[in-house]
Amino acid sequence: MHQAEIIVLLFTAVGVLAVLAHKITLPYPIVLVLGGLALSFVPRLPAVNLNPDVVFYFILPALIYPAALFTSWRDFRRNLRPILLLAIGLVLATTLAVAWIAHSIVPALPWAAAFALGAIVSPPDAVAATAIIRRLGVPHRIQVILEGESLVNDATALVALQFAIAALVTGTFSPAYAAGRFVWAAAGGIGIGLLVGVAMRWVQSHLDDPPIQITFSLLTPFIAYLPAEQMHASGVLATVAAGIFLGWHSPLMISARTRLQAYAFWEMIVFLLNGFVFIVIGLQLPRILHAWNRESLTGVFMSAIVICATVILVRFAWVIPATYLSRLFKSERQVRDPTPSWQHVAIVGWAGMRGVVSLAAAFALPLALPTGRPFPGRDYILFLAFSVILVTLVLQGLTLPVLIRKLGVPRDAETDEEERLARLEANKAALKWIEEAGANRKFSPDAANRLHAEYDERIEQLQLCAENPDDCRGEIATPQYQRLQHQALRIERKTIIRLRNERVINDDALRRIQRDLDLAEARLIGG
């Protein structure tokens, strides 16, 4: 089977499994991983190898960038303390704990190799966290913290992994040198990302052609990631910094036409790459089991259970004191920031799914040391990394919705209320301008009156939503009004199709009108 046929087969499987996930209402990453596992047992199916370079230099930047691009800088900055406690403190704590446990189970495993294992399995994955958390309707702040953690923690883990490999190769470890490298990786990565963001903002502000602008948008994560890695800074942080910077400035630098197309483009790219990544994770099982015989598998399975338990328990052991002990001495800002409930802490503690970065990092371990000796414990590390990914994705991913329901944690309406207030202010400002324009005779009285009536109606609907938030949930119209609009749009669509079929209008005219109707329907669906 040719490589092109394998790729087509995999993307076909992604589509079929995604439909199945929707039908059985399960997070699609879990269904894709299990589907990949099932496919791995199909006889004569060609091996699909996970290439670490493809993951780190092609897939990872393209997945991190849109997540950063659509991150709220205000919310990210407000929750910077818990994000950094998880993304730096928890990653290092997990690395140390897993290294100690692994070395205790297998004393022959060198400390440096044990630390490499800890660094590999320590970061929850941005892809897994975003794909699973967003569909669960968790409170907004929990979502911000988990997504912020997953954007930053890969940098900490990958730098720690580099130090562990260097210590194994050279036989020495300098804490001062490691601290300096870590500072450079963070500061250098953020600095490079901001420079790329400034340059891309200038480029985008001088363009007004959606295909070209989307092309530059696609290139941006790679322009940030690759030079940062070449300069031994963090490519992950460079991509995140560029994404957040451009996300903040994009409302002023790109047109509405480009914004609509770019959002759809990135949504499709993220879905396809996510699907490919998760199904390929499942397909790695034969490659990982190849090095083990049946007798040795029993012992390594027991090790996997212990390491998975360690990864899960260390997260709880870190999250609980990091949440409450850090608030014993409250600053003025923390007084305005109430202590989260134990239910929220439990959700954050349980949402530690690992993903493709951990497996790619394990596969990226060198096969041999410079002396020619095999890398110690490489097969052992690879199996344990796969086990942690599988257990956390399937166990935690499947039980997280159940946990949220059992804890009775409702989705908060913070964003909905902010949206309603912003819409109300924007409509009032527009109405004020219309009144001034009509008074100054800039437009005909008929045009001004018609638009004035439309904005009056919008403001009335928004004020009704303020009185009955449960019925509107921040939407611009009540549910009954929306249903009426849906039916009216359906009639319009049927009419223009009939006119096309009767040869009254051509397909170009049909598509122009259909685009307007689609945009109107998208506004209704998106609220």
Side-chain angles (χ1 to χ4, degrees), residues 29-30 32-33 36-37 49-57 59-61 63-64 86-88 90-99 101-102 113-132 146 149-165 234-236 273-274 276-285 287-288 300 303-304 306-312 314-315 351-366 375 377-397:
I30 297 171
L32 289 170
V33 169
L37 279 173
N49 294 326
L50 187 70
N51 188 323
D53 286 341
V54 171
V55 172
F56 288 128
Y57 296 109
I59 294 177
L60 188 59
L63 288 176
I64 289 177
L86 293 171
I88 298 177
L90 177 57
V91 166
L92 296 178
T94 305
T95 300
L96 294 173
V98 169
I101 293 293
F115 278 114
L117 170 62
I120 287 169
V121 300
S122 60
D125 187 65
V127 178
T130 302
I132 293 176
L146 291 175
E149 173 200 7
S150 64
L151 284 175
V152 179
N153 60 15
D154 287 340
T156 307
L158 294 176
V159 171
L161 177 61
Q162 291 172 2
F163 293 146
I165 294 175
S234 171
V236 171
L273 289 181
N274 277 351
F276 182 80
V277 159
F278 284 115
I279 202 168
V280 168
I281 287 175
L283 287 167
Q284 301 312 298
L285 182 62
R287 182 179 175 187
I288 292 169
V300 80
S303 298
V306 174
I307 294 298
C308 290
T310 300
V311 168
I312 293 171
V314 166
R315 184 173 179 88
M353 291 76 71
R354 271 59 178 177
V356 69
V357 172
S358 293
L359 197 58
F363 277 123
L365 291 175
F375 190 96
R378 188 178 187 275
D379 294 332
Y380 181 74
I381 292 172
L382 198 57
F383 183 86
L384 293 181
F386 182 82
S387 301
V388 170
I389 293 167
L390 188 62
V391 169
T392 56
L393 261 181
V394 176
L395 174 64
Q396 293 182 301

Would you compute the distance between atom [atom1] of [X] and atom [atom2] of [Y] and round it to the nearest 0.5 angstrom?
| X | Y | atom1 | atom2 | value |
| --- | --- | --- | --- | --- |
| Arg315 | Leu90 | CZ | CG | 5.5 Å |
| Leu390 | Ile30 | CG | CD1 | 10.5 Å |
| Phe115 | Ile120 | CZ | CD1 | 13.5 Å |
| Ile101 | Leu96 | CD1 | CG | 12.0 Å |
| Ile307 | Ile312 | CD1 | CD1 | 11.5 Å |
| Asn274 | Leu32 | CG | CG | 9.0 Å |

Report yes or no: does [X] contribute a side-chain atom to a donor-acceptor pair with the main-chain N or O of [Y] at less than 3.5 Å?
| X | Y | answer |
| --- | --- | --- |
| Asn153 | Ile88 | no |
| Asn51 | Asp53 | yes |
| Ser358 | Arg354 | no |
| Thr156 | Val91 | no |

Minimal non-hydrogen separation, [X] against [Y], with atom names:
| X | Y | answer |
| --- | --- | --- |
| Pro61 | Val55 | CD-O, 4.3 Å |
| Glu149 | Pro124 | OE2-CG, 3.5 Å |
| Leu117 | Ala102 | CD2-CB, 3.8 Å |
| Ala119 | Ala157 | O-CB, 3.5 Å |
| Phe363 | Arg378 | O-NH2, 2.7 Å |
| Thr392 | Met353 | O-CG, 3.4 Å |

Could you tell me if the side chain of [Y] sits less than 4.5 Å from the side chain of [X], heavy atoms only?
| X | Y | result |
| --- | --- | --- |
| Phe278 | Val356 | no |
| Val98 | Ser122 | no |
| Ile288 | Leu359 | yes |
| Phe383 | Ser303 | no |
| Phe276 | Ile59 | yes |

Is atom OH of Tyr57 surrounded by more than 12 heavy atoms (other residues, nucleotides or ligands) closer than 6.0 Å?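 No, because the 6.0 Å sphere around OH of Tyr57 holds 12 heavy atoms or fewer from other groups.
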
Applying side chain to side chain contact (heavy atoms under 4.5 Å, CB included) to Val33 and Ile279, what does each step give before you reach the verdict? CA-CA 5 Å; Val33 169; Ile279 202 168; over 6 Å; no

Which one of Leu151, Val357, Val152, Asp154 satisfies the side chain to side chain contact (heavy atoms under 4.5 Å, CB included) criterion with Val236?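 Going through Leu151, Val357, Val152, Asp154 one by one, the side chain to side chain contact (heavy atoms under 4.5 Å, CB included) with Val236 is satisfied by Asp154 alone.
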
